[in-house]
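These notes concern the structure reproduced below.
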Amino acid sequence: MIESLSETLSEQFSKLTPDEQFLDKFQENFRRMTRRFDTPGPEVRVCETFEIEGVEVRLFVPFGPLPTVGPTIIYAHGGGFVSCDTHTHEGIIRRLANASFCRVLAVEYRLAPKHPFPAAPDDVETVLHWALDARGESRGIDGNKLVVAGDSAGGNIAAWLAQKYRNRIKAQVLFYPLMQLVDVKPANPGPQDWLQIGTVALKYIQDHYVAGADAKDTKVSPLFEDDLDGMPPAYVLTCGLDPLRDEGKLYAEKLKASGTTVVQLYEKTMPHGFLNFAKAFPRANTVPMEAADFVRAQFPILPQVKKARP
């Protein structure tokens, strides 16, 4: 199964083009892969779709003893800024919601190349602003108890928002985050990079998402932020078979050096994106639950007893 998934991903990335019809097909193929290789996320009490200042969001309200107004995770999905949505990442989001006893507000941000930088981070920032301004209380969202989270490209956005709003964000969860878009090749290439999937994908993102913007801008590449004093506690996942492994690790180390509390998880045998494919990688079922333990620890009002792991 793992070999089949790897071959499918390689084939898809090798054919990347900026053509809109191709991107629609790529998106549908990724949805099909998710249905094939992922297990459905757990049931939630409510899954509601609405708009915030023109940005579509989906609110996941978990089962459990929730405060009437309580902690909420603002989630940005991965997909290299050019693909995926909250539906392809629903398994991750549902697992994180139910295990954390937090509402999760997932953002359908605009995608490149039709909407290049800064559309994606701007959309997620719009949603964060709405929540910070206490406009989500009627939906149970406490603007004083917010976490930013995301995987891959979404981790990039979450890291930047945590930097900008460090005094108002309570925690950050970064799953194999894309932390910079200056270099597209790993600094220390290994056997896991021989297919060069990461190089092809990152070059495409560089061309069609960054699209001429300053790649050293911390809004594009949060890794280059040097002032990390006062950052909220962080949970950072990196993977041994991931072309982004070094930059994720380096960012976690920079956070630690600044005095930030950091929980690091290193999955030596996992590839980038494995959280979307729980049938192929059973750890995808439990990692979001472990991240949820970290989130709950930031909020004493939430149940602190760890759930039994499958």
Side-chain angles (χ1 to χ4, degrees), residues 13 16-18 20 23 53-55 74 76-84 107-129 148-169 172 174-189 193 196-232 234 236 238 242-255 257-258 260 272:
F13 280 115
L16 277 171
T17 78
E20 192 168 336
L23 287 171
E53 298 181 16
V55 181
I74 309 295
H77 65 81
F81 304 103
V82 300
S83 68
C84 300
V107 186
E108 296 283 13
Y109 57 81
R110 289 169 292 169
L111 300 175
K114 186 176 182 180
H115 302 287
F117 174 84
D122 282 353
D123 285 354
V124 184
E125 185 177 21
T126 293
V127 173
L128 177 61
H129 261 304
V148 289
D151 61 284
S152 192
N156 172 290
I157 297 171
W160 171 70
L161 288 172
Q163 292 173 0
K164 184 172 181 179
Y165 296 93
R166 66 187 71 185
N167 295 326
R168 303 186 69 186
I169 298 299
Q172 54 184 316
L174 312 178
F175 295 135
Y176 34 75
L178 168 55
M179 292 304 301
Q180 61 83 34
L181 277 159
V182 172
D183 297 317
V184 300
K185 294 183 179 181
N188 301 297
D193 303 307
Q196 296 191 356
I197 298 172
T199 300
V200 171
L202 289 169
K203 184 64 168 64
Y204 183 91
I205 295 165
Q206 200 178 54
D207 291 343
H208 300 290
Y209 168 69
V210 181
D214 181 4
K216 293 184 178 179
D217 184 340
T218 56
K219 192 171 180 177
V220 178
S221 300
L223 179 65
F224 300 139
E225 177 59 67
D226 291 325
D227 177 11
L228 295 174
D229 290 344
M231 289 290 288
V236 183
T238 56
D242 181 2
L244 307 183
R245 59 192 178 275
D246 292 336
E247 60 199 62
K249 179 183 177 183
L250 178 57
Y251 189 62
E253 291 172 350
K254 287 183 68 172
L255 286 171
S258 74
T260 303
H272 187 82

Let me check something: any side-chain donor-acceptor pairs from residues 211-218 under 3.5 Å, sequence neighbours excluded? List them with distances.
{"residue": "Asp214", "atom": "OD1", "partner": "Lys216", "partner atom": "N", "Å": "2.9"}
{"residue": "Asp217", "atom": "OD1", "partner": "Lys219", "partner atom": "N", "Å": "2.9"}

What side-chain donor-acceptor pairs closer than 3.5 Å can you find for residues 152-161, not counting sequence neighbours?
{"residue": "Ser152", "atom": "OG", "partner": "His272", "partner atom": "NE2", "Å": "2.8"}
{"residue": "Asn156", "atom": "ND2", "partner": "Leu178", "partner atom": "O", "Å": "2.9"}
{"residue": "Asn156", "atom": "ND2", "partner": "Val220", "partner atom": "O", "Å": "2.8"}

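When the ring-ring contact (aromatic ring centres under 6.0 Å, His included) test is applied to Tyr109, the partners found at least two apart in sequence or on another chain are His77. With sequence neighbours excluded, the residues forming a salt bridge (charged side-chain N to carboxylate O under 4.0 Å, His left out) with Arg110 are Asp123, listed by chain and number. Residues passing the ring-ring contact (aromatic ring centres under 6.0 Å, His included) test with His129 are Tyr165, sequence neighbours excluded. Shown here are the salt bridge (charged side-chain N to carboxylate O under 4.0 Å, His left out) partners of Asp229, two or more places apart in sequence or in another chain: there are none.
Of the possible polar contacts, none joining the Gln206 side chain to the Val184 backbone as a donor-acceptor pair under 3.5 Å is found. In terms of modelled atom types and a separation under 3.5 Å, the side chain of Gln180 and the main chain of Asp183 share a donor-acceptor contact.
In this structure, the separation between NE2 on His208 and CG on Leu111 is 14.0 Å, given to the nearest 0.5 Å. Interatomic distance, CD1 of Ile205 versus CG of Leu181, reported as 6.5 Å (0.5 Å rounding).
The pair Arg166-Asp227 meets the salt-bridge criterion, since a charged nitrogen lies less than 4.0 angstrom from a carboxylate oxygen.
Residues Leu128 and Val107 fail the side-chain proximity criterion, which asks for heavy atoms closer than 4.5 Å. Between Tyr176 and Leu244 there is no side-chain heavy-atom pair separated by less than 4.5 Å. In this structure, the side chains of Val210 and Phe117 stay at 4.5 Å or more apart for every pair of heavy atoms.
Here the closest non-hydrogen pair linking Cys84 and Gly78 is CB-O, 3.2 Å. Nearest heavy atoms, Ala162 versus Val148: CB-CG2, 4.0 Å. Listed here is the closest heavy atom pair of Gly248 and Pro177: CA-CG, 4.4 Å.
Under the side-chain contact (heavy atoms from CB on, under 4.5 Å) test applied with Glu225, the options Gln163, Lys164, Met231 reduce to a single match, Gln163.
Within a 6.0 Å radius of NZ in Lys249, other residues, nucleotides and ligands contribute 12 heavy atoms or fewer.
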For this session: Check the pair Thr238 / Glu247 against side chain to side chain contact (heavy atoms under 4.5 Å, CB included), numbers first and verdict last.
Result: CA-CA 9 Å; Thr238 56; Glu247 60 199 62; over 6 Å; no
